[in-house]
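Structure first, commentary second.
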Number of protein chains: 4
Amino acid sequence: MTDNSLEYKAPTEIKSLDVISTYELEKEAEFVIPKGGYDYISGGSGDEFTLRQNTESFNHKGILPRVLADVENPETQTSILGHDIRAPFIMAPIAAHGLAHQTKEAGTARGVAEFGTIMSISAYSGAKFEEIEEGLNGAPRWFQLYMSKDDEINKDIVDEAKADGATAIILTADATLSGNREKDLRNKFVYPFGMPIVSRYLTGTGEKMSLNNIYAQSKQKISPKDVRFLADYSDLPIIIKGIQTAEDALAAIGVGASAIWVSNHGGRQLDGAPGSFDTLESISKAVAKRVPIIFDSGIRRGEHIFKAIASGADIVAIGRPALYGLALGGWKGVHSVFNYFEQDLIRVMQLAGTQTVDAIKHTQLFDMK
Amino acid sequence: MTDNSLEYKAPTEIKSLDVISTYELEKEAEFVIPKGGYDYISGGSGDEFTLRQNTESFNHKGILPRVLADVENPETQTSILGHDIRAPFIMAPIAAHGLAHQTKEAGTARGVAEFGTIMSISAYSGAKFEEIEEGLNGAPRWFQLYMSKDDEINKDIVDEAKADGATAIILTADATLSGNREKDLRNKFVYPFGMPIVSRYLTGTGEKMSLNNIYAQSKQKISPKDVRFLADYSDLPIIIKGIQTAEDALAAIGVGASAIWVSNHGGRQLDGAPGSFDTLESISKAVAKRVPIIFDSGIRRGEHIFKAIASGADIVAIGRPALYGLALGGWKGVHSVFNYFEQDLIRVMQLAGTQTVDAIKHTQLFDMK
Amino acid sequence: MTDNSLEYKAPTEIKSLDVISTYELEKEAEFVIPKGGYDYISGGSGDEFTLRQNTESFNHKGILPRVLADVENPETQTSILGHDIRAPFIMAPIAAHGLAHQTKEAGTARGVAEFGTIMSISAYSGAKFEEIEEGLNGAPRWFQLYMSKDDEINKDIVDEAKADGATAIILTADATLSGNREKDLRNKFVYPFGMPIVSRYLTGTGEKMSLNNIYAQSKQKISPKDVRFLADYSDLPIIIKGIQTAEDALAAIGVGASAIWVSNHGGRQLDGAPGSFDTLESISKAVAKRVPIIFDSGIRRGEHIFKAIASGADIVAIGRPALYGLALGGWKGVHSVFNYFEQDLIRVMQLAGTQTVDAIKHTQLFDMK
Amino acid sequence: MTDNSLEYKAPTEIKSLDVISTYELEKEAEFVIPKGGYDYISGGSGDEFTLRQNTESFNHKGILPRVLADVENPETQTSILGHDIRAPFIMAPIAAHGLAHQTKEAGTARGVAEFGTIMSISAYSGAKFEEIEEGLNGAPRWFQLYMSKDDEINKDIVDEAKADGATAIILTADATLSGNREKDLRNKFVYPFGMPIVSRYLTGTGEKMSLNNIYAQSKQKISPKDVRFLADYSDLPIIIKGIQTAEDALAAIGVGASAIWVSNHGGRQLDGAPGSFDTLESISKAVAKRVPIIFDSGIRRGEHIFKAIASGADIVAIGRPALYGLALGGWKGVHSVFNYFEQDLIRVMQLAGTQTVDAIKHTQLFDMK
């Protein structure tokens with residue numbers, strides 16, 4: 001993989017997918033994404049204990065079917081930070097979609113926009129804002145920031161994101177350093193293309209650079225002051241992503257965060273942590289509806305979306321499954337994946353006797369532990 | 001499988017079986033039932049987590065052997081809703097027995113009737129009432145209803161079931177939509193024959209239709225009013241099937257249900273739910289003997305029957321194992337399966353020191369969790 | 001196996017064994033014992049869930065190493081019902097040792113006697129008392145009784161056992177019917193030889209009879225009256241074997257039992273029961289040292305003996321491992337197995353800082369659940 | 001292996017290692033260390049239940065990522081018993097490094113010394129003090145003692161260790177007898193070389209002797225008096241190694257121990273014990289900072305070091321991974337392993353939001369059970 005920038009051939013096919021299971025998508029994606037890229041996308045850190053816990057922890061709570069509930073055609077519409085969205089899930093910020101498909105983030109953006117929800121644009125995007133706009137075509141977007149050590153550069157990046165139309169800034173706070181991604185180390189993985197948004201603070205464009213190298217050039221020493229700085233400078237809602245404790249949620253709200261994003265970065269950062277779902281309930285109790293909660297890490301089924309919302313999330317974010325859809329079918333594949341989640345969630349809502357997203361929030365789960 | 005109606009060859013053999021284990025029956029049945037039918041019968045929804053939990057959850061409670069108990073020749077006779085039955089188990093309602101054997105529901109009915117317990121006739125039966133009567137030959141039967149969106153049709157169906165001699169109506173309330181049956185989706189499974197009882201409200205007979213399609217034409221919006229309507233119109237006991245919470249049990253009783261059927265539809269509907277057995281004890285405490293409780297989902301051994309009754313069930317229902325018996329031996333196979341459960345239950349009763357079904361109800365199980 | 005009486009060739013070799021692990025003995029024994037006999041000896045009932053739990057339940061409690069304990073050369077001697085024995089374990093009663101070795105119970109008896117502990121003679125022995133005496137050569141023995149339905153025959157059997165020198169009667173109370181031994185059913189297993197002690201109440205000698213058949217001819221309806229009868233008639237200590245509840249232990253003591261034998265019959269009777277070890281602590285608390293407690297089911301290591309004694313047993317009994325020793329090396333093999341347990345127990349006692357069997361009883365185990 | 005002293009060829013290569021995972025090192029080491037030596041080093045006792053628990057028990061507690069923590073370049077320096085060390089881990093005492101590499105303990109010592117932490121020299125070293133000094137080159141060292149039955153010999157050994165510059169005596173108290181090392185028994189493992197330090201109390205040098213044989217010639221009857229004797233005679237801090245209970249920790253402190261070493265000997269002594277990590281928290285609460293706590297058994301990742309310190313350890317000790325490094329790369333391999341642990345710990349500290357070792361101690365772990 002040392003020279004993978006010379007050889008990296010991302011998939012190019014664009015087609016709708018007949019999604020039966022997102023686990024199958026992962027297996028199929030392994031056949032079309034080059035190994036270095038596939039391992040980067042699918043892998044976690046250390047023993048991948050936390051990666052596995054992310055999905056397994058959903059089995060710690062059970063949904064009880066409710067009957068005679070007078071439910072028909074459940075409604076999935078909801079709203080978040082002023083946006084009305086078609087279903088209670090959005091696209092999570094992920095770096096380097098170009099590993100999965102040659103249309104890069106523009107492909108994902110189009111699938112998300114045509115479905116009717118919010119796109120999160122990563123600071124480690126391989127596409128420029130204007131390229132992504134081709135896919136979004138005016139649809140809502142949030143911008144996820146990895147800060148530079150230099151706040152003047154941060155201002156420039158925020159300015160650019162605002163100019164592009166971002167309606168919120170997601171500050172990723174759990175990745176001030178790369179997790180222990182053993183697969184990437186074994187593959188000697190480097191990005192096969194540059195990252196135009198953050199290249200202004202990198203020595204180089206990002207191309208042929210390792211994740212460790214790029215993270216090291218970003219800001220490690222993130223503190224509540226940075227939240228204040230971003231809120232004041234951007235005048236946009238600031239969402240703090242990577243929260244796993246009630247203490248951090250309250251601290252973030254205390255310095256002006258407009259939303260909390262409960263996540264363990266898809267099991268890619270600190271291994272030996274509980275599944276993200278196992279941390280959600282206590283955080284949501286502490287937050288007590290002062291700000292909305294977005295949840296990710298491990299969502300693979302409609303049941304998972306339901307359980308997260310019943311445990312206090314307002315919406316969830318879809319990560320890897322969308323990228324597998326992108327790899328297998330470009331923007332149409334992404335669209336198919338979002339449709340799948342919607343259909344699966346509707347079925348679960350019907351069988352659980354819940355007519356609306358609000359009704360899910362009032363559902364009591366069964367403790368399986 | 002697209003043209004499976006042309007090719008579907010259900011087994012035809014009629015013979016007694018030497019049943020050593022119902023798990024073995026399942027393996028053997030896989031060899032004789034065409035794949036689409038076998039997957040439909042044996043499969044569950046989603047990850048099949050709940051399907052597996054249904055049997056595994058019995059291991060959450062242990063039966064303690066009781067000695068010096070002065071027991072000999074335990075007696076399995078009991079009664080339910082006015083019927084004296086030979087043993088505390090009946091036939092569960094299952095759709096489309098014709099997938100397992102060419103004698104369809106008539107085969108099952110004869111095996112059940114010759115054993116001496118109650119047959120449940122599914123609204124999604126592939127046989128007509130008069131065909132099933134050939135097997136039942138006057139033996140007791142309950143009718144399980146999937147409601148039409150049109151109550152006039154529901155009245156017609158209830159009238160027909162009453163005319164056929166049904167002594168109770170089972171309203172299945174947990175299947176207002178098909179569960180996420182991935183195997184059926186992969187197989188593109190459609191029923192190879194029609195469903196005469198509900199065909200009056202289908203566009204088509206049911207033949208070459210998928211489960212999703214058929215459920216969609218049934219009534220989703222089931223509410224307590226439907227229980228009242230059925231009780232008033234039929235003047236028969238109404239049993240609400242698919243109860244997994246104390247709240248729903250009490251609600252059903254409140255609107256006139258004559259019995260509660262605790263079930264998660266054999267793990268075929270909402271995945272990510274606990275094993276049905278894990279929900280039984282709290283429901284039975286809430287019901288507090290106001291109405292009888294029927295239990296299903298996961299019964300494969302005499303121990304399971306014992307544990308369910310010791311946890312509050314009055315009787316249990318046998319589903320898939322009976323259909324495997326039907327596939328392997330027609331009515332004689334069904335008869336063999338029911339005999340097996342009786343013998344296995346008698347053994348467990350003897351070793352647990354319980355002379356009667358009532359004594360089982362007073363047994364304290366050991367908490368294994 | 002239908003004609004296995006014609007062909008059954010039990011092992012004949014006599015040699016000392018280098019026992020590293022009793023699990024290995026089981027694997028090695030499988031090569032020398034004919035399949036029907038091996039499955040009969042090693043198998044359990046039903047799913048073999050309880051059989052597995054018997055050994056796995058020892059992992060629910062941990063032994064904590066204790067240091068600076070001033071211990072050297074731990075002493076394993078103890079006494080039970082008036083007998084001084086070399087180590088806190090005896091031979092469990094097992095039927096039909098002739099399945100494992102042509103020297104039958106005489107071989108086991110000699111190994112046990114030369115080691116220096118108590119032999120339990122099963123009523124379902126394939127050898128006569130006088131044959132077993134050749135191995136025992138005056139060493140202590142207890143007699144285990146499966147009662148006849150006819151008390152006059154029971155008196156005769158007890159008379160014979162007393163005449164042979166039995167110093168206690170073990171009444172097996174948990175096997176009034178055969179457990180669900182699926183392996184035996186598949187093998188159509190029948191005993192290849194008769195059972196001279198109980199043949200007086202069988203139709204036939206036991207030869208070519210199944211376990212079900214033999215149990216059916218024994219007494220099912222065992223009650224406290226039988227304990228009284230045996231105690232009064234025999235004037236020997238009566239030990240009730242197969243106790244798994246505090247209630248039954250107290251009931252047995254109330255009608256004159258001189259000792260309680262906590263056992264689930266090695267997982268051969270009621271499946272779906274907890275591991276025998278998991279039931280021990282609460283029983284021993286209820287018994288409160290009024291009578292001694294013997295424990296079996298799952299003992300494979302010195303750690304297991306230690307944990308059982310620390311949980312309230314006075315001694316334990318060794319079953320299958322001794323029969324594997326018999327199969328592999330005749331009386332010398334049995335002797336090797338008993339020596340192995342002694343050495344392993346001494347090591348555990350040293351590392352746990354316990355000088356005597358009494359010190360083990362005062363050890364607090366660590367709760368691993 | 002009977003003649004393994006004639007044939008034993010330990011590895012000789014000296015090179016730096018690219019350590020991605022210590023689990024991989026173990027697999028790679030299996031290819032270069034002769035089987036008898038590899039099994040001796042890597043194996044545990046009995047079922048290896050406790051060996052597995054040692055690493056698995058770390059999953060009973062989760063580290064929660066902490067964000068906005070204002071952390072950059074975490075500092076790993078700490079001090080223990082008067083020594084400033086580069087990171088909160090030292091080399092554990094292990095016998096017979098010559099099994100892993102021909103440079104024996106001198107190789108390990110150099111790797112440890114160049115990294116900048118403390119070497120523990122085992123009484124069962126295959127190298128003499130002066131040979132080890134060649135590697136240590138003045139770096140700090142502690143001496144681990146297996147006592148002779150003869151205190152005059154113990155005095156001589158202590159005198160020699162002091163003369164060599166040992167600044168503390170580690171009294172191993174949990175190995176007064178060999179654990180049940182089945183692999184060694186199967187391999188008929190004997191040491192291929194002598195043990196010069198303890199050879200003064202052995203009949204023979206240790207060469208061609210089994211572990212059982214050597215332990216048997218050491219002192220079994222260790223008591224609090226021995227702690228007093230060593231403290232008084234040596235005038236050095238005495239560390240009691242092998243503590244698994246609060247009671248023993250308090251007893252050791254009561255007779256003059258200067259530190260407690262929580263360990264179960266890497267799962268090599270008493271099997272059926274909990275993972276060492278599972279015992280740490282209650283011990284550290286009882287010790288209440290009166291003396292420092294050293295922890296070992298199961299450390300394979302930075303997360304494990306973090307969790308042990310967060311549960312009350314002041315430092316941890318590295319055992320097998322260092323020996324695998326030695327086998328694969330001599331002193332440079334050991335150095336690589338220590339560097340790996342430092343880097344991995346720094347990453348975990350950053351992601352957990354902890355700037356210093358002291359901050360780790362104030363971290364609250366998440367209960368995963």
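Below, chains carry the letters A, B, ... as their sequence lines are ordered, and counting in each starts from 1. Heavy-atom basis, side chains included; hydrogens, waters and symmetry copies ignored.
Between chain A and the residues Leu351(D), Val348(D), Leu365(D), the most heavy-atom pairs under 4.5 angstrom are made by Leu351(D). With chain D as the partner, the residue from Val255(A), Asn180(A), Leu177(A) showing the most heavy-atom pairs under 4.5 Å is Asn180(A). Note: Asp47(A) leads Ile240(A), Asp47(A), Asn264(A), Thr176(A) in heavy-atom pairs under 4.5 Å with chain D. Among Ser45(A), Ser57(A), Gly179(A), the residue making the largest number of heavy-atom pairs under 4.5 Å with chain D is Gly179(A). Between chain D and the residues Ala173(A), Pro274(A), Ala273(A), the most heavy-atom pairs under 4.5 angstrom are made by Pro274(A).
In this structure, Gln350(D) CD and Ser178(A) OG are separated by 11.5 Å, a value rounded to the nearest 0.5 Å. Atom-to-atom distance recorded for Asp18(D):CG and Leu185(A):CG is 8.0 Å, nearest 0.5 angstrom. The structure places CG of Asp271(A) at 9.5 Å from CG of Asp344(D), a figure rounded to the nearest 0.5 Å. Atom-to-atom distance recorded for Asp248(A):CG and Leu64(D):CG is 9.0 Å, nearest 0.5 angstrom. The OG1 atom of Thr50(A) sits 8.0 Å away from atom CG of Asn59(D), with the distance rounded to the nearest 0.5 Å.
For a residue to count as touching a neighbouring chain, one of its non-hydrogen atoms must lie under 4.5 Å from one of that chain's; by this rule Asn73(D) does not touch chain A. If you measure heavy-atom distances from Val71(D) to chain A, the contacts under 4.5 Å come from the backbone alone. Residue contact with chain A, scored on non-hydrogen atoms closer than 4.5 Å, involves the backbone of Lys61(D) exclusively. If you measure heavy-atom distances from Phe58(D) to chain A, you find no contacts under 4.5 Å at all. Contacts of Arg301(D) with chain A are made by side-chain atoms alone, with heavy-atom separations under 4.5 Å and no backbone atom involved. With a 4.5 Å cut-off on non-hydrogen atoms, Glu24(D) touches chain A through its side chain but not through its backbone.
Within the 4.5 Å cutoff, the side chain of Tyr23(D) has no heavy atoms near those of the Glu182(A) side chain. Residues Phe366(D) and Thr245(A) form no side-chain contact, since every pair of their non-hydrogen atoms from C-beta on lies 4.5 Å or further apart.
The local environment of CD in Gln364(D) is sparse, with at most 12 non-hydrogen atoms from other residues, nucleotides or ligands closer than 6.0 Å. Within 6.0 Å of the CG atom in Asp367(A), the count of heavy atoms belonging to other residues, nucleotides or ligands exceeds 12.
Contacts between residues 142-153 of chain A and chain D, counted as heavy-atom pairs separated by less than 4.5 Å, involve Lys149(A). Residues of residues 211-232 of chain A that come within less than 4.5 angstrom of chain D, heavy atom to heavy atom, are Gln220(A), Lys221(A), Ile222(A), Ser223(A), Pro224(A), Val227(A) in numerical order.
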TODO: Start with the C-alpha distance between Asp174(A) and Arg66(D), add both sets of side-chain angles, then the distance that settles side-chain contact (heavy atoms from CB on, under 4.5 Å), and finish with yes or no.
DONE: CA-CA 7 Å; Asp174(A) 66 351; Arg66(D) 294 303 297 270; over 6 Å; no

